[in-house]
S.K.: 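Below is one structure. I have some questions about it.
Throughout, residue positions are numbered sequentially from 1 according to the sequence presented. Everything numeric here is computed off the predicted structure, so don't read it as measured data.
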Amino acid sequence: QVQLVESGGGAVQPGGSLRLSCAASGYIDKKSYCIGWFRQAPGKEREAVALTYHRGGSVYYADSVKGRFTISRDNSKNTMYLQMDSLEPEDTAVYYCAADPVTSGPCPRRPEYTFWGQGTQVTVSS
């Protein structure tokens, strides 16, 4: 059972930066996982922000965050990060990290992952 614990949310002014962290435990050594970040704004569906593989590989970014957000991993700490720069009010949402076992193909962009963090609020406002 994979457990994910997030940290790093908060309030920031437009143009500011935040870094989210997601510490994972319980990965099975011989399995591969898609990992990444989703977000859900009030009244909107949960959407994929950035996705990759827990051992590295291709990365997906939503068009709305390309060039501003960066997903990264530190496998020695079993931790993934989301560096968010040039934040905009439209980025305000609850952000969730997620993981899902995968056997082949691209990481799914639908929010149907098996394991989820507890969520952390990001508010961008002047």
Side-chain angles (χ1 to χ4, degrees):
Q1 189 80 352
V2 175
Q3 293 185 320
L4 304 172
V5 179
E6 302 176 34
S7 59
V12 65
Q13 292 187 340
S17 297
L18 282 174
R19 188 176 81 155
L20 306 182
S21 300
C22 178
S25 61
Y27 285 136
I28 297 175
D29 282 347
K30 294 185 178 179
K31 277 194 171 183
S32 293
Y33 296 84
C34 282
I35 61 173
W37 296 89
F38 290 76
R39 67 186 181 185
Q40 188 165 18
K44 294 189 176 181
E45 294 185 352
R46 193 170 297 189
E47 61 174 353
V49 174
L51 304 169
T52 188
Y53 300 89
H54 88 293
R55 290 197 179 93
S58 61
V59 178
Y60 162 82
Y61 291 103
D63 287 344
S64 58
V65 307
K66 278 180 184 175
R68 301 188 299 119
F69 289 13
T70 304
I71 187 172
S72 61
R73 302 154 13 257
D74 184 340
N75 286 356
S76 68
K77 298 180 181 179
N78 265 348
T79 299
M80 67 173 159
Y81 304 95
L82 185 67
Q83 177 66 41
M84 305 185 293
D85 298 319
S86 302
L87 282 160
E88 303 169 352
E90 293 74 21
D91 297 316
T92 296
V94 178
Y95 283 71
Y96 299 89
C97 61
D100 197 56
V102 63
T103 54
S104 64
C107 287
R109 300 174 189 177
R110 300 178 306 279
E112 296 172 353
Y113 282 45
T114 305
F115 307 107
W116 292 88
Q118 78 279 14
T120 186
Q121 177 70 45
V122 171
T123 302
V124 185
S125 173
S126 55

S.K.: For a 4.5 angstrom cut-off between non-hydrogen side-chain atoms, does C22 reach Y96?
M.R.: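 Not touching, per the 4.5 Å side-chain cut-off.
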
S.K.: Does NZ or CZ of R19 come closer than 6.0 Å to the centre of the six-membered ring of Y81, within 45° of the ring's axis?
M.R.: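 Yes.
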
S.K.: So do R109 and L51 actually touch side chain to side chain, heavy atoms under 4.5 Å?
M.R.: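 Counting from C-beta outward, L51 and R109 do come under 4.5 Å.
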
S.K.: Determine whether V5 and I71 fall in the same hydrophobic cluster, where Ile, Leu, Val, Met, Phe, Trp and Tyr are linked whenever their side-chain heavy atoms lie under 4.5 Å apart.
M.R.: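 They do not share one cluster, since no chain of ILVMFWY contacts under 4.5 Å joins V5 to I71.
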
S.K.: Answer yes or no: is there a side-chain heavy-atom contact under 4.5 Å between S58 and P106?
M.R.: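 Not touching, per the 4.5 Å side-chain cut-off.
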
S.K.: Restricting to non-hydrogen atoms, name the atom on Y53 and the atom on R73 that form the minimum distance, rounded to 0.1 Å.
M.R.: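 It is O-CD, 3.3 Å.
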
S.K.: Give, for atom CD of Q13 and atom CG of L87, the distance between the pair rounded to the nearest 0.5 Å.
M.R.: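 Atom-to-atom, Q13:CD and L87:CG are 11.5 Å apart.
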
S.K.: Does any non-hydrogen side-chain atom of L18 lie less than 4.5 Å from one of Y95?
M.R.: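 With C-beta onward as the side chain, the pair stays apart.
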
S.K.: Under 6.0 Å from the CD atom of Q118, do we count more than 12 heavy atoms belonging to anything else shown?
M.R.: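 More than 12 within 6.0 Å, yes.
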
S.K.: Identify the heavy atoms of T79 and S21 that sit nearest to each other, and give their distance.
M.R.: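 So the two residues come closest at CG2-CB, 4.4 Å.
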
S.K.: Between V2 and A99, what is the shortest heavy-atom contact and its length?
M.R.: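 Scanning both residues completely, I find the closest heavy atoms to be CG1-CB, 4.5 Å.
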
S.K.: Going hydrophobic residue to hydrophobic residue with side-chain gaps under 4.5 angstrom, can you get from V102 over to W116?
M.R.: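 Per the 4.5 Å side-chain linkage, V102 and W116 are not co-clustered.
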
S.K.: I'd like to check D91 versus M84 (side-chain heavy atoms, cut-off strictly below 4.5 Å). Are they in contact?
M.R.: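 SC-SC contact between D91 and M84 ruled out.
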
S.K.: Just by distance, do the side chain of H54 and the backbone of I35 share a donor-acceptor pair under 3.5 Å?
M.R.: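 A pair under 3.5 Å: no.
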
S.K.: Side chains of P101 and F115, heavy atoms from C-beta outward: is any pair under 4.5 Å?
M.R.: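 In short, these two side chains touch, coming nearer than 4.5 Å.
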
S.K.: To the nearest 0.5 Å, how far apart are CZ in R55 and OG in S32?
M.R.: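 Output value for this atom pair is 4.5 Å.
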
S.K.: In Å and rounded to the nearest 0.5 Å, what is the CD to CZ distance from E45 to F38?
M.R.: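 Rounded to the nearest 0.5 Å, the CD-CZ separation comes out at 12.5 Å.
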
S.K.: To the nearest 0.5 Å, what is the distance between CZ on R39 and OG1 on T92?
M.R.: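 So the gap between those two atoms works out to 9.0 Å.
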
S.K.: Find out whether V65 and W37 are in side-chain contact, i.e. whether some heavy atom of one side chain is under 4.5 Å from a heavy atom of the other.
M.R.: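 Not in contact.
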
S.K.: Nearest heavy-atom pair of A24 and L4: which atoms, and what distance?
M.R.: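 So the two residues come closest at CB-CD2, 3.6 Å.
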
S.K.: Please report the interatomic distance OG1(T114) to CD(Q1), rounded to the nearest 0.5 Å.
M.R.: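 Interatomic distance, T114 OG1 to Q1 CD, rounded to 0.5 Å: 9.0 Å.
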
S.K.: What are the two closest non-hydrogen atoms of K66 and Y61, and how far apart are they?
M.R.: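 Closest approach of K66 to Y61: CE-O, 3.4 Å.
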
S.K.: Within the 4.5 Å heavy-atom criterion, are M80 and C97 side-chain neighbours or not?
M.R.: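 In contact.
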
S.K.: Give, for atom NZ of K44 and atom CD of E90, the distance between the pair rounded to the nearest 0.5 Å.
M.R.: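 Rounded to the nearest 0.5 Å, the NZ-CD separation comes out at 8.0 Å.
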
S.K.: Please find the pair of heavy atoms, one from C107 and one from Y113, that lie closest to each other, and give the distance.
M.R.: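 Minimum heavy-atom separation between C107 and Y113: CB-OH, 3.7 Å.
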
